[in-house]
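Note that the structure is a prediction, hence the values are computed from the model and not measured. So you know, we letter chains A, B, ... as the sequences are listed, proteins then strands, and number each from 1.
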There are 2 protein chains.
Amino acid sequence: MHRHEGHDACRTAAPDMVARAEAICRERGLQFTPLRREVLEAVAGSGKAQGAYDIAERLSAPGKRVAPVSVYRALDFLMEQGLVHRIASRNAFIPCGHDHAPGEGVIFLICRTCGGVDEASSADVEGGLERTLERAGFTPTHSILEVEGDCGACRERDHAP
Amino acid sequence: MHRHEGHDACRTAAPDMVARAEAICRERGLQFTPLRREVLEAVAGSGKAQGAYDIAERLSAPGKRVAPVSVYRALDFLMEQGLVHRIASRNAFIPCGHDHAPGEGVIFLICRTCGGVDEASSADVEGGLERTLERAGFTPTHSILEVEGDCGACRERDHAP
DNA sequence: CCAGCGGTGATACACTGTAACAAACCCGCG
DNA sequence: CGCGGGTTTGTTACAGTGTATCACCGCTGG
């Protein structure tokens with residue numbers, strides 16, 4: 001099991017994300033186009049989960065409009081490559097700064113105060129879930145685990161301002 | 001820990017759901033209105049997760065239109081009373097046939113073949129999650145755990161038709 | 001050259017959810 | 001009885017989320 005302390009400490013910076021994405025795409029023979037790069041930067045640039053329409057607006061400038069549909073396509077691509085995650089409970093997207101083991105379950109820790117999203121994983125949780133599913137006769141293909149609450153940083157800040 | 005075998009076996013039938021809802025509302029001094037009753041029946045009547053607009057359509061008849069917003073309000077009420085759950089990954093709703101311990105985590109098992117949703121819970125998973133959150137310095141307020149896959153019934157049916 | 005393919009732009013549309021206000025209903029109180 | 005206040009519902013409008021479709025562009029391989 002590994003874990004992460006705070007969402008700031010563990011979040012890979014945007015330039016690193018881009019470099020990693022370039023490497024992955026080159027390795028897999030896929031195109032890391034300017035649009036995809038901009039979308040990834042937009043997602044990685046903010047510390048919080050971004051909606052597709054937020055991203056579209058952020059990438060748009062007077063004279064250069066980026067339609068949400070283009071953002072969705074780029075996000076689909078980035079998700080397939082494991083470079084961003086979708087937060088179902090928020091309809092929003094975050095960059096993924098980790099190399100997840102294939103099939104490894106991710107736990108999203110969503111701070112309701114600062115909006116930051118941290119990723120964690122736990123062999124305990126995963127093992128328990130596996131056993132539970134097996135007992136239920138259920139064969140999983142995909143699972144999401146999202147926790148909303150207060151991250152340590154926000155709790156401290158609010159506690160002793 | 002308790003568990004459930006299949007989504008058919010564990011799903012409380014619609015009439016029972018209504019009876020239980022009536023009892024709960026009486027006990028809590030709340031109104032179990034015809035609309036709320038119809039919405040609950042609609043959610044409980046189908047074996048699968050229902051969208052709010054599906055419910056609205058199902059409850060509408062020539063001359064009697066039920067607007068989605070009314071369905072949402074009824075669903076909000078029923079969720080507050082713990083009579084239905086929302087499946088975030090599907091934007092859909094299912095009846096809740098269990099008496100959940102307060103604060104008990106629920107695991108939703110969503111069959112991608114038949115669309116049925118089963119509920120499970122696991123002390124292992126819950127404990128592991130608690131420990132993981134504590135180590136991360138994260139104070140949870142709400143968490144969702146949804147697993148997509150194939151339920152036992154569908155797997156058997158497809159395996160030996 | 002050109003046929004095909006992936007990516008993008010653009011428009012339209014479907015689906016999901018909420019805000020705001022008015023009307024109906026219920027219930028207790030004077 | 002009538003009246004006032006809370007809750008529920010109806011209605012309209014709108015915001016937010018996501019997809020389908022077609023056209024165009026640019027590249028690449030025959």
Measure the spacing between CD1 of A:I110 and CD1 of A:I87 and express it to the nearest 0.5 Å. 5.0 Å
Could you tell me whether the phosphate oxygens of D:dG18, OP1 or OP2, come under 4.0 Å of any side-chain nitrogen or oxygen in A:N91? yes
Pairwise 5' ranking along DNA chain D for B:P34 and A:A52, keeping only the more 5' one: B:P34
Between P on D:dG6 and CG on B:L30, what's the gap in Å once rounded to a whole number? 17 Å
Supply the atom-to-atom distance A:I107 CD1 to A:E126 CD, rounded to the nearest 0.5 angstrom. 8.0 Å
Rounded to whole Å, the CG-C1' distance (A:D54 to D:dA15) equals 13 Å
In whole angstroms, the gap separating P of D:dT17 from CD of A:E57 amounts to 11 Å
Membership question, hydrophobic clusters at under 4.5 Å side-chain separation (ILVMFWY): are A:V69 and A:M79 in the same one? no
Those residues that, when tested against B:T139, pass side chain to side chain donor-acceptor pair (under 3.5 Å) (two or more places apart): A:R155
OP1, OP2 of D:dG10 versus side-chain N and O of B:R65: anything below 4.0 Å? no
Span of DNA chain C engaged by chain B, first through last nucleotide within the 4.0 Å heavy-atom cut-off, is C:dT16 to C:dA20
Atom CD of A:Q50 and atom C1' of D:dT17 are separated, to the nearest Å, by 15 Å
How long is the span from the CZ atom in B:R20 to the CG atom in B:L83, to the nearest 0.5 Å? 6.0 Å
Counting only heavy atoms from other residues, nucleotides and ligands, does the tally under 6.0 Å from CD of B:E57 exceed 12? no
Given atom CZ of A:F93 and atom P of D:dG16, what is their separation to the nearest angstrom? 16 Å
Once you round to the nearest 0.5 Å, how far does OG of A:S46 lie from CZ of A:R58? 5.5 Å
Reading 5' to 3' through nucleotides 24-30 of chain D, protein heavy-atom contacts under 4.0 Å coded B for base, S for sugar-phosphate only, - for none: -------
Please name all residues satisfying side chain to side chain donor-acceptor pair (under 3.5 Å) with A:R73, sequence neighbours left out, ordered by chain then number. none
Quick one: pull up OG in B:S143 and CZ in A:F108 and give me the separation to the nearest 0.5 Å. 14.0 Å
Whole-Å gap separating P (D:dT17) and CD1 (A:I87): 14 Å
Using a cut-off of strictly less than 4.0 Å between a heavy atom of the residue and any atom of DNA chain D, enumerate the qualifying residues of residues 67-81 of chain A by number. A:V69, A:Y72, A:R73
Around B:E22, counting heavy atoms of other residues, nucleotides and ligands shown, do more than 12 lie under 6.0 Å from its CD? yes
Going by salt bridge (charged side-chain N to carboxylate O under 4.0 Å, His left out), name the pairs with one or both residues in residues 140-154 of chain A, residues two or more places apart or in two chains. A:R90-A:E148, A:R112-A:D150
Sugar-phosphate, base or nothing in reach of B:R90, heavy atoms under 4.0 Å: nothing
